[in-house]
There are 2 protein chains.
Amino acid sequence: MHKAQEALMIDARPRLLKAEPGTAGLSGAQAIYPRDKGAGARSDEIARVLSLLLKHLPVRRRLVHAGDLIFEAGQPFNHLYVINSGYVKVVNTAADGRNQVVGLLFRGDWLGFDGIATGCYGCTAQALEIGEIWAWRYDQLLSAAAAEPQLLHELHSEMSRAITRGRDALLSVCTLPVAARVAEFLRQWAESLAARGLRNDQIILRMSRAEIGNYLGMTLESVSRALSSLARARVICFTEKGRRMIQIPDLQALNDFIQADAQAPGAILQ
Amino acid sequence: MHKAQEALMIDARPRLLKAEPGTAGLSGAQAIYPRDKGAGARSDEIARVLSLLLKHLPVRRRLVHAGDLIFEAGQPFNHLYVINSGYVKVVNTAADGRNQVVGLLFRGDWLGFDGIATGCYGCTAQALEIGEIWAWRYDQLLSAAAAEPQLLHELHSEMSRAITRGRDALLSVCTLPVAARVAEFLRQWAESLAARGLRNDQIILRMSRAEIGNYLGMTLESVSRALSSLARARVICFTEKGRRMIQIPDLQALNDFIQADAQAPGAILQ
DNA sequence: CGTGCCGTTGAACTTGCTCAAATCAGGTGG
DNA sequence: CCACCTGATTTGAGCAAGTTCAACGGCACG
């Protein structure tokens with residue numbers, strides 16, 4: 001099972017979208033959505049942290065296109081990065097060449113923590129969409145954080161979140177059947193969009209089925225079949241244009257699907 | 001596949017072993033081994049970090065027995081913990097009750113980072129062996145770290161390592177067949193022992209097959225079959241007493257086994 | 001108007017799971 | 001000290017989920 005799946009390097013020509021520094025960008029959705037109860041809380045927090053950083057430290061901004069590498073495994077670690085717009089995949093590689101997408105990150109998420117302990121990045125970070133990445137020198141960040149407790153706490157919170165995300169990914173991969181895992185993947189993506197104040201009833205996957213499959217520990221065929229099956233169950237819809245835009249008419253239905261599919265085996269709890 | 005597997009709570013009566021604060025303890029091996037080239041480097045580093053912490057902050061020590069919980073998911077976060085001796089599993093639980101062992105930690109490893117962002121621990125940490133856990137208040141740690149850059153950097157290094165460990169676990173689960181995953185699990189354990197200056201040619205698993213299977217995303221039967229198959233291939237040996245003590249006569253043979261088993265599918269790289 | 005890549009779908013196959021039975025280790029109580 | 005009970009482990013047989021292999025259609029690009 002779960003045979004190694006290729007995470008092909010992307011170099012698709014991106015549609016031409018201008019990234020607006022300081023705005024939410026276009027990560028997987030076209031427009032900003034009116035905030036519902038609390039959906040914008042995280043969005044506000046992200047904006048607050050970014051301006052806190054800008055207030056204390058010089059930033060290096062970089063515009064990236066789909067396929068651009070932000071850093072590669074093995075490069076010396078000097079900077080931490082924060083996604084201002086666009087989104088990014090993180091790929092982990094074993095000594096023998098097996099590789100695995102281990103993270104999918106959006107606006108406000110940090111990159112590069114894995115380099116702190118060893119002095120070299122342990123993974124490769126690649127943009128999946130046009131966007132803007134902000135970079136800070138780790139040593140400068142440390143100095144500023146030592147003087148500004150709020151900044152230090154934010155830094156730690158982000159590392160904490162990174163740990164939690166990794167653990168949740170492992171939980172999904174190990175305990176859910178393929179269809180539920182694909183559904184869970186869509187749910188998490190939609191949740192990420194909502195948390196950032198973006199519309200979350202549709203998602204533009206700028207990843208191939210192979211990349212999604214690699215991330216979820218299954219083959220591209222399984223991803224395709226799972227998506228077809230979700231569409232057949234009317235839990236998602238494909239738009240007339242292409243099979244990479246997915247509409248989620250009812251998020252609760254998606255949740256119900258996950259629950260139902262996860263129950264299938266006799267999950268003896270406790 | 002990879003159906004949810006039960007991580008039963010242990011309450012086995014531990015053998016009576018006195019944990020000696022400041023020594024390496026007995027995690028999975030009986031005696032300290034003469035250090036080979038660099039094997040003790042991490043061990044020295046752990047000792048250095050622990051004394052750095054002791055120098056700057058009041059510690060709360062707690063003796064734990066097999067089965068004791070160090071903290072539970074949902075409890076308010078106030079402390080970070082460091083394992084001084086013994087070892088510990090970390091269990092993540094989904095809203096619907098699926099649970100998953102997401103980490104196995106040894107002397108010098110930290111616990112509780114996942115609570116920083118949310119203010120509550122996200123996982124449950126349970127001792128698997130008698131040992132001693134040291135605790136520091138997070139707020140005190142922050143204050144001390146702000147004044148002592150070395151301490152701050154060590155804290156960040158440990159969080160960084162936690163992130164890397166999680167990613168490596170995901171890589172294993174997603175890209176290796178069951179037998180290789182069990183072998184990789186043993187290899188990592190042996191490596192952890194060696195890094196701490198302990199003998200690493202034998203391992204005492206104080207986890208049931210079910211717990212190991214849960215950690216590795218497979219059933220207990222698969223763990224048992226994989227271990228039998230490793231023993232048949234003479235890559236490991238069971239000692240006359242019980243099937244929880246495993247000897248690894250040749251670590252390289254274990255590595256070769258993993259490589260060979262991982263190659264089985266046509267792993268198209270790049 | 002090819003060529004190449006991506007996605008979908010079907011059919012055969014394989015791995016690992018489920019279910020079941022037998023063995024073994026350890027602890028308990030007589 | 002021994003019989004017994006309980007839970008862990010092993011092993012086998014059958015099955016099912018998901019993979020592999022293969023064919024086909026669509027779309028973008030040159």
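Proteins come first, then strands; the chains are lettered A, B, ... in the order of their sequence lines, and each starts at number 1. Note: hydrogens, waters and symmetry copies are ignored here, and every other heavy atom, side chains too, is used.
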* Rounded to the nearest angstrom, tell me the gap between atom CE in A:M207 and atom C1' in C:dC6. => 15 Å
* Choosing from C:dG7, C:dG16, D:dT10, which nucleotide comes nearest the side chain of B:R209? -> D:dT10
* Mind grabbing the angle between the end helix axes of the helix from C:dC1-D:dG30 to C:dG30-D:dC1? Five pairs an end, 10° rounding. => 40°
* Structure fact -> B:F238 CZ to C:dC24 P, in whole Å, measures 15 Å
* Between B:V88, B:L111, B:L105, which is the residue that forms a side chain to side chain contact (heavy atoms under 4.5 Å, CB included) with B:Y81? -> B:L111
* Can you check the B:M245 CE to D:dT9 C1' distance for me, whole Å? -> 17 Å
* To do: In whole angstrom, give the distance that lies between atom CD of A:E221 and atom C1' of D:dT20.
  => 7 Å
* What's the CG-C1' distance between B:L176 and D:dT19, to the nearest Å? -> 16 Å
* Kindly say whether B:F106 contributes a backbone atom to a donor-acceptor pair with the side chain of B:D109 at under 3.5 angstrom? => yes
* Which nucleotide, C:dT18, D:dG18, C:dT9, lies nearest any side-chain atom of A:S224? -> C:dT9
* Using heavy atoms to find the nearest nucleotide of DNA chain C for A:R244 and A:R225 separately, return the residue whose nucleotide is more 5′. => A:R244
* Asked: C:dT8, D:dT19, D:dT11: which one has an atom nearest the side-chain heavy atoms of A:M218?
  -> D:dT19
* Asked: Do the non-hydrogen side-chain atoms of B:L227 and B:I246 ever get within less than 4.5 Å of each other?
  -> yes
* Please state how far atom CG in B:L205 lies from atom P in D:dT10, giving the value in whole angstrom units. => 10 Å
* To do: Rounded to the nearest 0.5 Å, what's the gap from CD1 on B:I258 to CZ on B:R181? Could you check?
  => 12.5 Å
* Partner set under salt bridge (Lys or Arg N to Asp or Glu O under 4.0 Å) for B:R225, not counting sequence neighbours -> none
* Name of the residue among B:L205, B:N214, B:I212 meeting side chain to side chain contact (heavy atoms under 4.5 Å, CB included) with B:V223 -> B:I212
* To do: Look at the side chain of A:E211 against the base of C:dC6 and say whether a donor-acceptor pair falls under 3.5 Å; ignore hydrogens and angles.
  => no
* Asked: Please give, in whole Å, the distance from C:dC17 P to B:N214 CG?
  -> 12 Å
* **Nucleotide nearest A:T219 when distance is taken to its side chain, options D:dT9, D:dT19, C:dT18** => D:dT19
* Structure fact -> By nearest-heavy-atom nucleotide on DNA chain D, the more 5' of B:L227 and A:A179 is B:L227
* **Between P of C:dT9 and CG of A:L230, the distance in whole Å** => 13 Å
* Side chain of A:V178 (C-beta onward), nearest among D:dT20, C:dT8, D:dG18 -> D:dG18
* To do: List for me each residue that meets salt bridge (Lys or Arg N to Asp or Glu O under 4.0 Å) alongside B:R243, sequence neighbours excluded, and say none if there are none.
  => none
